[in-house]
Amino acid sequence: MDPVRNPYAPGAGQRPPELAGRDRELRQFEVVLERVARGRPERSMIVTGLRGVGKTVLLNAFRSMAIQRLWGTGKIEARPDQSIRRPVASALHRAVRELAPRHRAPDRIEEFLGVLKAFAQSEPEPPSGKAKARAHRWQPGIDVPASRGRADSGDLEIDLTELFVDAASVATDVGAGIALFVDEMQDVPADDVSALCAACHELSQVGGPLIVVGAGLPHLPAVLSASKSYSERLFRYARIDRLDRESADHALLAPAEREEVTFTEEALDALYGAADGYPYFVQAYAKVVWDVAPDTPITADDIKVAAPEAESELAVGFFGSRYERATPAERDYMRAMAMLGDDPVPTASVADELGRKPSSLSPARDGLIKKGLIYSAERGMVAFTVPHFGKFLRSQPA
């Protein structure tokens, strides 16, 4: 079939042609938007799940919903070695620029931008001379003088709380809201997580129309809870996983039928067995199958022909690229995990598998967690962040 008309999209964070199986989460966010718009108290929202289940896609869908309601929006992607101060400043700058044309008092916008600029420039400077000079030269692109005495103490918890309250006030002036979207939220540094929770807590008490919508790996709720005990009540949590059979079939059939192509029931059976319902795998297999199938309907034989190529692409791009980031010691740790199965495994069992003391493996475990390759499902347990990663490792030569 014509590869130019291939509708499937197995890209990182790329919206699939049919966002199937996420109606519940979309309805939940619709409720959040509506309640905030009516001045009702509402929690910010956190989406969690493994790699490849569509967290970033869902986050982007939420942002589109907020934009349709004329909210101001901004998005950041957290990094473990970077404070959120400057990324948040840039995101809120964009959000307020979206609201500014509807504000009746330009001076009010400039006043907020002055506070925002002061916030952005108040990050404690590193001690080394070169890094210090770079930090001093950094400018947030805000063409107003920085204000003094508001959101500029250098204490992120104090500053972020004041900034969020001021941003929410601007949104209230125009009868709208602001939504800050944070992807890879588990990578926000611990002190910054605490500051973010404190700022959201203050907003929940004053009823300001600003929400934080985060997406991250399954252990994100534990990260938030360790930071602030009240975070369990501060956010609305949504855990997303693989698609059920009906949703997976819909993700395949709906875009194909718009191109006047369909699948046999046996082909759908084979594809669900191969992709296991994980949205990224569904798109990856479907894209290759489309390109190799001679005609419609796509059959189970087409799946057999396409599967090796799809698996080869996943082995290089989805699994292999992650595996290559690990050190030799970290790879040994992951192979030991894989040999113990695909479910979360005790760290003590990994140590037994390697014939080592658990304490000696802490650097490898911590390095893998920092790289986002494994996560601590619960105390003393670890699991892969990528579905089928254990299966991939077991298929590799030692």
Side-chain angles (χ1 to χ4, degrees), residues 13-15 19 22-47 54-77 84 87-117 119-120 140-144 151 160-183 185 196 199-200 202-215 234-236 238:
Q14 189 171 353
R15 185 183 176 110
L19 186 56
R22 302 300 181 224
D23 292 345
R24 179 175 64 89
E25 291 77 19
L26 294 171
R27 285 195 301 268
Q28 285 180 340
F29 191 64
E30 185 70 35
V31 169
V32 170
L33 292 175
E34 186 64 28
R35 285 180 60 82
V36 172
R38 296 186 182 192
R40 302 290 178 86
E42 188 50 83
R43 294 170 290 174
S44 292
M45 191 165 178
I46 300 293
V47 177
K55 300 184 299 297
T56 301
V57 168
L58 194 56
L59 206 64
N60 291 336
F62 289 164
R63 186 178 184 184
S64 295
M65 292 167 65
I67 290 172
Q68 288 171 7
R69 287 178 170 267
L70 302 180
W71 281 38
T73 67
K75 182 183 174 185
I76 70 172
E77 181 176 316
I84 62 170
V88 164
S90 296
L92 286 183
H93 187 202
R94 172 175 290 191
V96 170
R97 286 205 316 267
E98 292 173 357
L99 299 179
R102 309 204 306 274
H103 204 289
R104 296 180 180 179
D107 291 349
R108 179 80 176 87
I109 296 295
E110 289 195 6
E111 178 184 340
F112 172 77
L113 291 178
V115 172
L116 183 63
K117 188 171 187 176
F119 170 84
I142 300 173
D143 193 22
V144 299
L160 196 60
T161 299
E162 292 180 347
L163 184 71
F164 276 10
V165 169
D166 287 4
S169 178
V170 171
T172 299
D173 291 344
V174 298
I178 288 176
L180 173 64
F181 297 89
V182 185
D183 205 0
M185 194 172 181
L196 192 60
C200 290
E202 178 66 22
L203 279 173
S204 70
Q205 294 176 69
V206 302
L210 188 154
I211 59 172
V212 174
V213 186
L234 190 60
F235 298 101
R236 179 194 291 253

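Note that the structure is a prediction, hence the values are computed from the model and not measured.
- The 12-atom threshold is exceeded at CZ of R97, counting heavy atoms of other residues, nucleotides or ligands nearer than 6.0 Å.
- Going from atom CE of M185 over to atom CZ of F235 covers 4.5 Å, rounded to the nearest 0.5 Å.
- Of all the heavy atoms in G114 and V144, the pair that sits closest is N-CG2, 3.6 Å.
- Side-chain contact between V47 and E25: absent, with no pair of heavy atoms (C-beta onward) separated by less than 4.5 Å.
- To the nearest 0.5 angstrom, L92 atom CG is 7.5 Å from F119 atom CZ.
- Scanning all heavy atoms of the two residues, the minimum distance from G74 to A95 falls at N-CB, 4.3 Å.
- Taken to the nearest 0.5 Å, the CG atom of L180 stands 8.0 Å off from the CD1 atom of I84.
- A heavy-atom distance below 4.5 Å is not found between the side chains of F181 and N60.
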For this session: Would you check, one step at a time, whether the test side chain to side chain contact (heavy atoms under 4.5 Å, CB included) holds for L113 with I109?
Result: CA-CA 6 Å; L113 291 178; I109 296 295; 4.0 Å; yes
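- To the nearest 0.5 Å, atom CG of residue L59 and atom NZ of residue K55 are 10.0 Å apart.
- Side-chain atoms of S169 do not come within 3.5 Å of backbone N or O of V165 as any donor-acceptor pair.
- The two atoms that bring I76 and P87 nearest to each other are CG2-O, 3.3 Å, heavy atoms only.
- The heavy-atom pair separating A171 from P209 by the smallest distance is CB-CG, 4.0 Å.
- Using a cut-off of 4.0 Å between Lys/Arg side-chain N and Asp/Glu carboxylate O, R69 and E30 are scored as salt-bridged.
- A salt bridge is defined here as a Lys NZ or Arg NE, NH1 or NH2 lying under 4.0 Å from an Asp or Glu carboxylate O, and R38 with E34 meets this definition.
- Looking at heavy atoms from C-beta onward, P41 lies in side-chain contact with R35 at the 4.5 angstrom threshold.
- Side chains of F164 and L196 form a contact here, defined as non-hydrogen atoms less than 4.5 Å apart.
- Nearest approach of A167 to I178, heavy atoms of both residues: O-CD1, 3.5 Å.
- Summarising the geometry, atom CG belonging to L203 is positioned 15.5 Å from atom CZ belonging to R43; distances are rounded to the nearest 0.5 Å.
- Contact annotation: the side chain of R27 approaches that of D23 to within less than 4.5 Å [non-hydrogen atoms, C-beta and beyond].
- T73 has its side chain out of reach of F62: every pair of non-hydrogen atoms, C-beta onward, lies at least 4.5 Å apart.
- Closest heavy-atom contact between V96 and F112: CG2-CE2, 3.3 Å.
- Distance check, rounded to the nearest 0.5 Å: CG of L58 to CZ of R15 gives 9.5 Å.
- K75 contributes no side-chain N or O that, together with a main-chain N or O of D183, makes up a donor-acceptor pair within less than 3.5 Å.
- Using a distance-only test at 3.5 Å, with no hydrogens or angles considered, a donor-acceptor pair links the side chain of R102 to the main chain of L70.
- A 4.5 Å side-chain heavy-atom check between V31 and R236 finds at least one atom pair inside the cut-off.
- No side-chain heavy atom of M45 sits under 4.5 Å from any side-chain heavy atom of I211.
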